[in-house]
**Q** 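Before we start, here is the structure in question, set down as structure tokens.
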Amino acid sequence: RQRAPRAQRARATQGGRGRGEEAHWRRGGSGAGNASGGVTLAARGGAAFASSPLQMASSFIPVPAGSDFPLGNLPLGAVVRGAGGRPSLAVALGDSVVDLKALHVAGLLSLGGPVGDGACFTHPTANAFLDLGPDAWALTRAALTRLLTASEGVLRDKGGVRDAAILGASTVSNVLPMAVGDYTDFYCSRVHAQTCGELFRDPEAALNPNWSRLPVGYGGRASSVAVSGTPIARPHGQMAPAEPGGTPRFGPTAKLDFELEFAAVVGGPPNARGAPVPVDAAAARVYGYVLMNDWSARDVQAWESVPLGPFVGKSFATTVSPWIVAAAALAPHAAPAPPQDPAPLAYLDERARTLPDVALTAEVVPAGRGARAATTVTLSNVRHLYWTFPQMLAHHTVGGCVLRAGDLVGSGTVSAPGARGAGCLLEATADGARPLALRGGGSRTWLLDGDEVVLRGRCAAREGVEGLGFGCARGVVVARASARERALQ
Ligand code: MN
């Protein structure tokens, strides 16, 4: 293979990146055996958090053991009380939500500095807050942690404010926390790209030559992004003719699939047009992450995608989990990213490559069978991605593209090595050739009307670091007519 230019080779052997870290990764190995390697790096990355006395503190709001939303998480969302109300920004804590607008009205979020008077907390979307950047996010996070800590009386002892601001999660509904201006989807899992390449390209050359040189991506459709729980109407579209040269088929997709993905929510002031975000500055442009299901109509996608990529087969729906887990909350859960060969070009050469160690699952709940019949299709982890999020953002902007607060950047299907690592049905069933057995009987090649797909993500607890999670991203497939009827009800 081609050798990297001399400058890159030199850089790869210096200091933090390169041989030392690769060796560190190899020593750790993969899977469960990697725990020690992961802890070492995570402890370094999360030192600021581990040393904070508030990190493992408890709240005066009860948090059930094993909750996805302990005090160390405080994910950002937007909630509505009652029908048709105006959304309020909120953070989740245990089985409660804390309304940031109510805290602002009580004078508790006028934090000064980069947050100013805190007017952004009265907005129905998080975009203005996301726009402020990392200093404002850290200030807000520290203030909320302090307000909600058991030993702090400022909020705890103010009954009126508590009643106005702290609500049972079951008494509100979540809406999208940000207005998504642009949505991009990458293709960063080597296992996924390899398997798809073996199915549809030459098995001997499954990966396109560009794949290991740049994070491959495409511009998605921002209007497709929907909050967890939104019913997914089965899309209609054109599919390949039954005979070559014949008339294309048209109708509801027969190959509806899910894609288990992890997505960054962009923040910070927009870069100037024509001014790329350097790879080592790109982490500052990520506020946090959500789970994402990039629903796909494989038969529509197969017919339309050459030569310009996915279009109608993916633009109908993209489900995201309702709570944005801050990158700051994930810092203690950083794991080394897999080593890269060939060495990336200079603009993608990140000093310390990490990925959050988030265990991901995808379940299919068959139509009419209830949650107990859920079949876990996928067991994966974000740390299997080949390209990191800073690398995705650096590549995204290298031509001069502007990233704005609220942009959504998906990883692509996150598949893992092993029998249960397939992050979509396309992989799990080898494009429909190998039906997947369902728990309690029956099977699926593709999703049927009434099937529900539930994605979950969780960072495990370790000594000195509490576990946390993402809640879930769920959606039920419905026939198009019934989706319209539901909307009219
Ligand atoms: Mn995708």
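Just follow the structure's listing: the first ligand is 1, and inside any ligand the first atom is 1. In this chain, numbering begins with 1 at the start of the sequence shown.
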**Q** For Glu259, what is the atom name of its N, O or S atom nearest to the Mn ion (ligand 1)?
**A** OE1
**Q** With a 4.0 Å cut-off on N to O distance, would you call Arg298 and Asp431 a salt bridge?
**A** no
**Q** How about Phe389 and Tyr289: are their ring centroids closer than 6.0 Å?
**A** yes
**Q** Tell me, which N, O or S atom in Glu261 is closest to the Mn ion (ligand 1)?
**A** OE2
**Q** Can you name the one residue among Glu350, Arg353, Gln340, Arg383 that meets side-chain hydrogen bond (donor to acceptor under 3.5 Å, both in side chains) with Thr388?
**A** Glu350
**Q** If you look at Asp185, which of its N/O/S atoms is nearest to the Mn ion (ligand 1)?
**A** OD2
**Q** State the atom name: nearest N, O or S atom of Asp294 to the Mn ion (ligand 1).
**A** OD2
**Q** Just checking Phe262 against Phe470, ring centres under 6.0 Å apart?
**A** yes
